[in-house]
Each structure stands twice: as C-alpha cells, then as structure tokens.
Enquirer: 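What follows is a single structure, and I will ask about it in a moment.
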Protein chains: 2
Amino acid sequence: MATTDQTRMAVLGGLSIAPMTGYALREQIRDALGHFWAESFGQIYPALTALERDGLIERQAALRAGSSTFALTPLGTERLRELLAEAPQPVKPRNGVLLRLFFGRQLGQEACRKLVADTRATAEAELAGMCRIREELEADTGPDAPYILLTVLAGEHAARASLAWADEALGVLDGLASAAPPAANSAATPAREHS
Amino acid sequence: MATTDQTRMAVLGGLSIAPMTGYALREQIRDALGHFWAESFGQIYPALTALERDGLIERQAALRAGSSTFALTPLGTERLRELLAEAPQPVKPRNGVLLRLFFGRQLGQEACRKLVADTRATAEAELAGMCRIREELEADTGPDAPYILLTVLAGEHAARASLAWADEALGVLDGLASAAPPAANSAATPAREHS
DNA sequence: ATGGGCATGTAAGTAGTTACATGATTTA
DNA sequence: TAAATCATGTAACTACTTACATGCCCAT
C-alpha cells in the first residue's frame with residue numbers, strides 16, 4: 001500500500017468539501033488544515049491514483065488539457081465515513097522548544113528566554129490568524145462551517161495557552177539567579193532523579 | 001547516518017541529567033519527556049552506539065554482566081550545547097481529532113460529541129498528571145528543576161486549553177439542529193470555499 | 001527452578017519528505 | 001515572448017516503528 005489510511009481520509013475529506021484538482025487539494029490541505037494536519041506533496045498524487053483505482057473517487061471534466069477535477073463517488077463517501085469513524089491514532093509528539101528548555105541548564109538562561117519569546121511571537125501571529133479565519137467563518141452559513149469552526153476554536157485556545165505559558169515561563173526565568181551554564185566536567189555531577 | 005541529530009540531542013540531554021543505562025534512558029524519555037517528546041526503542045541503542053564511537057559518551061562501570069552505564073564526555077557536553085543552540089525544526093502536526101471534526105458533517109453530530117468528550121477526559125487526566133509532577137518538582141532544588149518546570153507548565157496550560165476548548169465545542173455542537181449526515185450522493189453538492 | 005523485570009541489540013518493514021522532471025495556461 | 005502560476009507525477013532518500021531474538025538477575 002503506497003499511501004496510508006490517514007492520507008486517504010484527508011484526501012477523501014477534502015473532496016467532500018468540494019470537488020477539485022490535486023493541486024487545489026494540496027492548497028486546501030495546506031491552508032485549511034495546516035494548523036493541525038500536514039500532507040506532503042509526494043503523498044497526495046499517489047493517493048489520488050490509488051483512490052481512483054479503487055473506485056472511491058472519479059475524474060470529472062478536465063478544466064484544461066492535462067488536468068482533471070476529482071470528485072467523491074458514493075462508494076468514496078461511504079469509505080470516508082468509515083475512516084472518520086475509526087479511532088484517531090495517537091500521534092508521537094516532538095516539541096523541539098520544550099526539549100531544549102528541559103535541558104535548559106546546558107543551553108543557558110538567555111537562550112531559553114529567546115526560545116520562549118520566539119514561541120510567544122509565533123503564538124501571537126497564530127492567534128491573529130485564527131481570529132481572522134473565525135470572522136470569515138461566522139459569515140459562512142454552509143453545512144461544513146460549524147464543524148470547521150470547532151477546529152479554529154481549538155487553534156485559538158492553543159494559541160492563547162501558548163501566550164499565557166510564555167508569560168509565566170519568562171517570569172520563572174527572571175526568577176533564576178543568572179548563572180553561566182555549568183562547566184563541561186560538572187555536567188553529570190548531581191546524579192539526581194525526578195521520577 | 002543511522003540516527004538523527006534530534007535523537008542524539010535527546011540521548012545526550014538525558015545523560016546530562018544523570019548517567020544511566022540505555023534501558024533507564026528509554027524509561028526517562030518516556031516518563032519525563034513523554035508529554036512532548038518520543039523516541040522509539042529501536043533508535044536509542046543505535047544512537048548510543050554511534051555516540052560512543054564518536055567519543056561523545058563513554059561506558060562507566062557495569063552494574064551487572066551485560067549492562068553498562070553511559071555518561072557524557074566533555075566532548076559530548078560540548079556537542080549537546082551545540083545541538084540545543086540550533087533552531088528547533090518545525091514539526092508536522094497530525095491531530096486526528098481535529099481532522100475528524102473538520103469533516104464532522106460526514107461523521108455525524110453524535111460521533112463528534114463523543115470525540116470531543118473523549119478529548120476532554122484525556123485532558124483532565126493529563127492535567128492531573130502535570131499537577132502531580134509539578135508538586136514533586138517544587139520540592140526539587142536541583143539545578144535542572146526550574147527548566148523542567150517550564151515544560152510541566154506548558155503541559156498544564158495545554159491541558160487547560162484543551163478542557164476549555166472541549167466545553168466550548170460541546171456548546172457549539174449542542175447549538176446545531178440535530179440532523180443525520182447528508183446522503184452519499186449529496187456529498188459534493190454545495191461547492192463552497194471557505195478560504 | 002521459574003517467571004518477571006532489567007538489559008541490549010537487529011532486521012524488516014512502513015511512512016513520509018525532497019528533489020527532480022515535465023508541460024499547459026495565463027498575465028504582463 | 002517571458003515569467004509566473006497551475007498542474008501532474010516519480011524516484012531516491014531519510015526517518016521511524018515493530019517485532020523479534022537473546023540473556024542476566026532477583027524474588028518467590
């Protein structure tokens with residue numbers, strides 16, 4: 001199997017909003033799902049090929065030579081609902097900022113402050129983006145709009161949490177006696193556990 | 001290169017807290033970094049082998065036959081600091097719950113409620129866990145404790161945001177006229193954009 | 001003496017990214 | 001007519017997971 005069920009779900013789902021080309025689908029996934037989902041370019045086309053082969057999607061009239069618009073077949077809609085009903089697979093988290101802060105003693109206080117400040121700035125931009133999308137969405141009376149709203153609200157809450165955390169974290173860092181990182185040979189001295 | 005810089009950073013970092021065996025390292029990564037970082041079993045041992053070969057870590061006295069405790073060398077501490085100072089690589093998000101809610105019209109209102117309720121329950125457990133770890137950490141006067149606290153605070157803020165979002169989301173779902181998911185052949189009818 | 005937890009490793013397979021290659025259509 | 005954008009696809013590579021294989025040591 002060249003593509004995974006997860007990718008197929010995203011592709012079928014995208015086409016359930018509206019029929020479109022692979023190129024447009026990629027943009028929709030980037031723009032509309034981008035804050036909680038990613039599909040790389042090299043996965044979308046193989047997925048389309050496989051889904052068409054299985055009769056879950058079909059090509060509609062070509063808008064121009066060499067391109068085609070894909071739409072769900074009834075079988076594809078059925079399969080999408082099956083996939084959506086499956087339990088979400090837990091994702092492996094990999095937060096590079098928190099990893100660096102965890103070992104912040106080695107990184108040094110100032111670099112930690114910078115990491116937190118950068119995270120705060122990113123969250124501020126993210127929050128602004130979410131609020132803008134939400135306004136657009138509130139004018140949208142389509143059947144998908146309330147569900148899409150749920151994902152935007154999640155983005156807003158996450159961004160606000162990130163801001164609040166960053167402010168608290170900067171406070172903690174301010175409270176530390178400013179000390180240089182330990183000398184290399186003292187790195188492993190205090191053999192302590194933190195359960 | 002069998003292992004990545006990210007894995008090496010986590011392994012070197014773990015050994016900067018205290019020297020330990022590969023097995024213990026794996027448990028530390030799961031228990032202490034688990035809420036924001038994951039390393040699979042099959043990556044830790046190859047990483048240890050490579051790091052030892054490069055002189056960044058060394059085996060200390062064996063606690064028992066067939067096992068050995070690894071500790072950072074000065075070179076390893078230096079390398080860890082270099083790695084920590086590199087910019088965190090942005091991670092590709094894959095939130096299966098939000099993906100399903102985005103296509104919630106196909107999934108159906110009730111199944112969406114259940115997804116949100118499950119997320120809420122998970123967040124509640126997560127929050128309780130973070131608070132417990134924080135209490136332990138507040139009794140810890142070691143040099144790593146304040147930095148570790150930052151990551152725990154992040155977990156707390158994220159969990160609280162998840163709770164607040166879930167409550168708001170349940171309210172939105174309650175506000176929807178209860179309707180069955182659309183028939184399969186109407187799936188693509190309203191060709192609407194929501195950019 | 002045996003079952004469970006500690007400990008180390010490998011091999012096969014899956015998943016995902018990146019870079020490349022190609023060409024059509026539109027706009028300036 | 002050149003540049004930008006739309007559009008489709010593949011091949012090579014990197015990263016990661018899972019399952020398996022092995023054996024030590026301690027408690028019952």
Side-chain angles (χ1 to χ4, degrees), chain A residues 1-11 14-15 19-31 33-34 37-53 57-70 88-94 96 99 193, chain B residues 1-11 14-15 19-31 33-34 37-53 57-71 89-96 99 193 195:
Chain A
M1 198 190 291
T3 61
T4 86
D5 280 355
Q6 299 247 297
T7 297
R8 288 169 182 226
M9 177 164 39
V11 167
L15 296 179
M20 62 188 98
T21 64
Y23 188 86
L25 186 60
R26 174 212 185 188
E27 291 194 317
Q28 281 290 302
I29 289 174
R30 169 165 45 71
D31 297 342
L33 312 185
W37 197 264
E39 287 299 341
S40 83
F41 200 53
Q43 265 171 283
I44 292 175
Y45 281 107
L48 286 171
T49 305
L51 290 169
E52 188 184 22
R53 187 199 56 216
I57 62 176
E58 61 188 6
R59 283 170 203 263
Q60 291 185 331
L63 291 173
R64 59 193 233 192
S67 91
S68 34
T69 297
F70 293 94
Q89 357 183 328
V91 77
K92 306 272 158 156
R94 281 216 150 183
L99 186 71
E193 303 295 300
Chain B
M1 197 191 290
T3 61
T4 85
D5 279 356
Q6 300 247 297
T7 297
R8 287 170 183 225
M9 178 166 38
V11 167
L15 297 178
M20 62 188 98
T21 65
Y23 189 87
L25 186 60
R26 174 212 185 188
E27 291 194 318
Q28 282 289 302
I29 288 175
R30 169 165 46 69
D31 297 342
L33 313 184
W37 197 264
E39 288 299 340
S40 83
F41 200 54
Q43 266 172 280
I44 292 176
Y45 281 107
L48 287 171
T49 306
L51 289 169
E52 188 184 23
R53 186 201 56 217
I57 61 177
E58 61 189 6
R59 282 169 204 263
Q60 291 185 329
L63 291 172
R64 60 191 232 193
S67 90
S68 35
T69 296
F70 293 93
Q89 355 182 327
V91 77
K92 306 272 159 158
R94 281 217 150 180
N95 184 324
L99 186 70
E193 303 295 299
S195 127

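On a predicted model such as this, the values are computed, not experimentally measured, just so you know. Proteins come first, then strands; the chains are lettered A, B, ... in the order of their sequence lines, and each starts at number 1.
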Enquirer: Within this structure, what is the CZ-to-P distance between A/Arg94 and D/dA15, rounded to whole angstrom?
Expert: 10 Å
Enquirer: Could you list the residues that satisfy ring-ring contact (aromatic ring centres under 6.0 Å, His included) with B/Phe41, not counting sequence neighbours?
Expert: B/Tyr45
Enquirer: For the pair made of CG in B/Asp5 and P in D/dC16, what is the distance, rounded to whole Å?
Expert: 11 Å
Enquirer: Could you check how far CZ of A/Arg8 sits from P of C/dA15, rounded to whole Å?
Expert: 11 Å
Enquirer: How long is the line joining CD1 of B/Ile57 and P of C/dT8, in whole Å?
Expert: 11 Å
Enquirer: Are any protein N/O atoms closer than 3.5 Å to N/O atoms in nucleotides 7-11 of chain D? If there are, list each pair with its distance.
Expert:
from: D/dT8; atom 1: OP1; to: A/Ser68; atom 2: N; distance (Å): 3.2
from: D/dT8; atom 1: OP1; to: A/Ser68; atom 2: O; distance (Å): 3.3
from: D/dT8; atom 1: OP2; to: A/Gly22; atom 2: N; distance (Å): 3.0
from: D/dT8; atom 1: OP2; to: A/Tyr23; atom 2: N; distance (Å): 2.9
from: D/dT8; atom 1: OP2; to: A/Tyr45; atom 2: OH; distance (Å): 2.8
from: D/dT8; atom 1: O5'; to: A/Tyr45; atom 2: OH; distance (Å): 3.4

Enquirer: Checking B/Ser68 now: which residues fulfil side-chain hydrogen bond (donor to acceptor under 3.5 Å, both in side chains) with it, not counting sequence neighbours?
Expert: B/Arg59
Enquirer: Heavy atoms only: give me the nearest A/Phe70-A/Leu48 pair and the separation to one decimal.
Expert: CE1-CD1, 3.8 Å
Enquirer: Specify the separation, in whole Å, of atom CZ of B/Arg30 and atom P of D/dT17.
Expert: 14 Å
Enquirer: Within this structure, what is the CH2-to-C1' distance between A/Trp37 and C/dG16, rounded to whole angstrom?
Expert: 12 Å
Enquirer: Between C/dT10 atom C1' and B/Gln43 atom CD, what is the distance in whole Å?
Expert: 14 Å
Enquirer: Considering residues at least two apart in sequence or located in another chain, which fulfil the side-chain hydrogen bond (donor to acceptor under 3.5 Å, both in side chains) criterion with A/Ser40?
Expert: A/Gln43
Enquirer: According to side-chain hydrogen bond (donor to acceptor under 3.5 Å, both in side chains), who are the partners of B/Gln60, at least two apart in sequence or on a separate chain?
Expert: none
Enquirer: Separation of A/Lys92 atom NZ from C/dT14 atom P, in whole Å?
Expert: 17 Å
Enquirer: For B/Glu39, give me all partners under side-chain hydrogen bond (donor to acceptor under 3.5 Å, both in side chains), at least two apart in sequence or on another chain.
Expert: A/Arg94, B/Thr7, B/Trp37
